[in-house]
Protein chains: 2
Amino acid sequence: MKPVTLKDIAEQLNISITTVSKALKDYPDVSKKTKGLVKELAKTLNYKPNTFAVNLRMKESKTIGLVVPVIVHHFFSNIIKGIISQAEKKGYLVIILQSNESYELEKKQVDLLLSQRVDGILISLANGTADFSHLNGIIQQGKPLVMFDKIAKIIKCSKIIIDDRKAAYNATQHLIDIGCKRIAHFRGALLPQNSIDRFLGYKKALLDNNFPYDPSLVYICELGDNSFEEGKENARKLLKDHNDVDGIFINTDLVAIGAMTEFKKHGVKVPEDINIVGFSNWFMSSVISPTLTTIDQPGYKMGKTAFKQLYKEMKAIKNKKPLPSKIITLETALIKRESTKSEME
Amino acid sequence: MKPVTLKDIAEQLNISITTVSKALKDYPDVSKKTKGLVKELAKTLNYKPNTFAVNLRMKESKTIGLVVPVIVHHFFSNIIKGIISQAEKKGYLVIILQSNESYELEKKQVDLLLSQRVDGILISLANGTADFSHLNGIIQQGKPLVMFDKIAKIIKCSKIIIDDRKAAYNATQHLIDIGCKRIAHFRGALLPQNSIDRFLGYKKALLDNNFPYDPSLVYICELGDNSFEEGKENARKLLKDHNDVDGIFINTDLVAIGAMTEFKKHGVKVPEDINIVGFSNWFMSSVISPTLTTIDQPGYKMGKTAFKQLYKEMKAIKNKKPLPSKIITLETALIKRESTKSEME
DNA sequence: ATAAACATCGAAAACGTTTTCGAATATACC
DNA sequence: GGTATATTCGAAAACGTTTTCGATGTTTAT
């Protein structure tokens, strides 16, 4: 019933706790014979070191904290999977918390992780987060912090991102290449950096091609949740305001799918009447009809990379040689599908 | 830099560590005055109890382990969300591990959680799991274990499930009600209980309606991953073997969507030629074309319920009054959409 | 006045591990 | 035989908290 301790093994073998501990860790100053005895008995008794004691002694828990805005989300669950699988390889466990896109909750979750004394923190910011003192709190405690996807440029820590601006530029350029003349954009909320960058990429592509930039063609997802409903809502608005739009670059696949559903309802054909490019390459997008042209965003890889960076920093801090912050940009790719016409020669 | 400890507070106030500890926990045997002083200083110093020490002393970590077969999955990520949100309310953290549908990995993950000394474990079994000794290991250690969705009937622990058989029965009955005469079934792998139960529900509905049960109409997802590809594969086989099938009850939405895609490719119309009912009500199913008739499986609620049950059992074990195991069955609902014809009068 | 009750505090043990440092024994060398 | 060097072990401190139990001082009741 009671878990086996070093003491139990020591008593049965009539040696000291010290020796048992050292034997199990292959210290050079214990004989082969006693090592053998100890290891054998440890195995038969099914000894498992008490993590609580180890944590206290070593001042680390081999556990990291992860805060994401949402869990039920193709992109984020891929990131989570990437983080967990990489962490496991290095012997780390992951505690996951959700901010629900709320700054208040995010702050609370960070505090929770801090008081739990995790060895490091991975975070993707809530859309509403504009104050960053809770993040500085992490750094002040000397804990490594790595941000991914939804980042804050101001904070001095490593970041794993994609080049949203470039990806958006490519998406918009694709619409231009296939012959679109009037291109709208459904953008995300005002605050998140990637929502801003995607907008800027869209705008730059227009200007580089001598297209006029028309602010009335930019629709903001006002609810801020990048939902199916927002796509439908904006599609309705667009249909009312502008009947000459023949291409849309949309912030997120889900919003794009909402828009396509609404267009279908109104008899507007995709891609014949309107070409659509989404963003993220949710699995869903390859399965709907028409399949959605989109930007592939490497969630799994982002998760892996984020943990790897955090791991390096945790190791560095342990060795009292903190690493400089690093910004890693992951490649994206334009996935051409049925929602945009094929390229013209 | 160094975190503040009880000792720091005690020294600054010239009182004992004991008194500081008691003051912070509102013990009755410390005066209001000292309580005030201690609490104030604790706040200004930003004192946070050292979780490692507390865990060691209290022999509990307020942390539970969660093992799921997959993370990137609409149903499971909903469950995860439910578990995390409920756990947070009770002050528990959740460590998530993934078995990747592999028995070996599942066993390893359970061992990991056990050696981490989590206070309890929630698990949904991998499809390949047929040996259950690792689960009995949990119970033998006196740790509460609650299984959900993919369960093993043999293990004596609480379980949160849906009535798969009844749900499958209703799905099949729906196909019969709308006039289908020859109904096929794409089932999941052979081992998982819910795959078995759904098959049995399908069969019972047929027999209750005096339909012949024809084993050649039951297609097994052989890869065992319930994927889009498996849906396409089975649809191809069905098209080759049976040209008279006018309804299919399919184990999982994703497989159903794969099948629909394949049918569309071959010019077979849904629901005109073949009616399809899926299972799980993934968000995706409400967005594809045609929208998919399916069984709604309450993932979020299942997660919440699973944690609640685990919490009760953890509390009970702490009070040395272990609770009897309990099986909780959650309600499902048939969601009628476009992939099945409307009911005949 | 004495005894009983109450209020307030602190010493110390315990949780189980890791690691430093010194002690003891055995082996090597001259 | 004596000194130096390996080899093998263990005592003890430390990590920071919780909680038992006794000590001290103060108030109330008799």
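Since the structure is predicted, the reported quantities are computational estimates derived from the model, not experimental observations. Order of the sequence lines sets the chain letters (A, B, ...), proteins ahead of strands, with each chain counted from 1.
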Euclidean distance, atom [atom1] of residue [X] to atom [atom2] of [N] [Å, nearest integer]:
X	N	atom1	atom2	result
A/Asp8	C/dC15	CG	P	11 Å
B/Lys7	C/dG10	NZ	P	15 Å
B/Ile17	C/dT8	CD1	P	22 Å
A/Asn55	C/dC15	CG	P	18 Å
B/Leu6	C/dC15	CG	C1'	15 Å
B/Lys25	D/dT20	NZ	C1'	16 Å
A/Glu60	C/dT17	CD	P	17 Å
A/Leu24	C/dT19	CG	C1'	15 Å

Item to complete: Please confirm whether any donor atom in the side chain of A/Ser16 sits under 3.5 Å from an acceptor in the base of D/dA11, or the reverse.
Response: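 A donor-acceptor contact between them is absent.
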Discussion item. Is it true that B/Ser133 and B/Asp131 share a donor-acceptor pair across their side chains at a distance under 3.5 Å?
Written reply: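 Yes, a side-chain donor-acceptor pair sits under 3.5 Å.
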Under 4.0 Å between any heavy atoms, over every strand shown, what does [X] touch: base, sugar-phosphate, or nothing? Just pick one.
X	answer
B/Lys22	base
A/Ser31	sugar-phosphate
A/Tyr27	sugar-phosphate
B/Thr5	sugar-phosphate

Discussion item. With a 4.0 Å cutoff (strictly under), does any side-chain N or O of B/Ser21 reach OP1 or OP2 of D/dT19?
Written reply: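 For D/dT19, neither OP1 nor OP2 has a side-chain N or O of B/Ser21 closer than 4.0 Å.
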Item to complete: May I ask you to verify if any side-chain N or O of B/Lys59 is less than 4.0 angstrom from the OP1 or OP2 atom of C/dG16?
Response: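 Yes, within the criterion.
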Measure from the side-chain heavy atoms of [X] and tell me the nearest of [options].
X	options	answer
B/Asn50	C/dT20, C/dC15, D/dG16	D/dG16
B/Val54	D/dC9, D/dT17, C/dT17	D/dT17
A/Asp29	D/dG16, D/dT8, C/dG10	D/dT8
A/Leu56	C/dT20, D/dC9, C/dG16	C/dG16
A/Thr19	D/dA12, D/dC9, D/dT20	D/dC9

Item to complete: From the options A/Leu310, A/Ile64, A/Leu114, A/Leu66, select the one residue that forms a side-chain contact (heavy atoms from CB on, under 4.5 Å) with A/Ile121.
Response: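 Result: among A/Leu310, A/Ile64, A/Leu114, A/Leu66, A/Leu114 is the only option passing the side-chain contact (heavy atoms from CB on, under 4.5 Å) with A/Ile121.
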Worksheet entry | Check: B/Val20 and B/Ile15 side chains under 4.5 Å, non-hydrogen atoms |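 In short, these two side chains touch, coming nearer than 4.5 Å.
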Worksheet item: When you check the gap from the basic side-chain N to the acidic O, do A/Lys150 and A/Glu106 get nearer than 4.0 Å?
Response: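 No.
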Worksheet item: Salt bridge or not for B/Asp26 and B/Lys39, using N-O below 4.0 Å?
Response: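 Yes, B/Asp26 and B/Lys39 are salt-bridged.
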Worksheet item: Which comes earlier along DNA chain C counting from the 5' end, the contact point of A/Thr18 or that of A/Ala53, where each point is its nearest nucleotide?
Response: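 Looking at DNA chain C, the more 5' nearest nucleotide goes with A/Ala53.
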Worksheet item: What orientation do B/Phe307 and B/Tyr311 show, parallel under 30°, tilted 30 to 60°, or perpendicular over 60°?
Response: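 Rings of B/Phe307 and B/Tyr311: parallel, under 30°.
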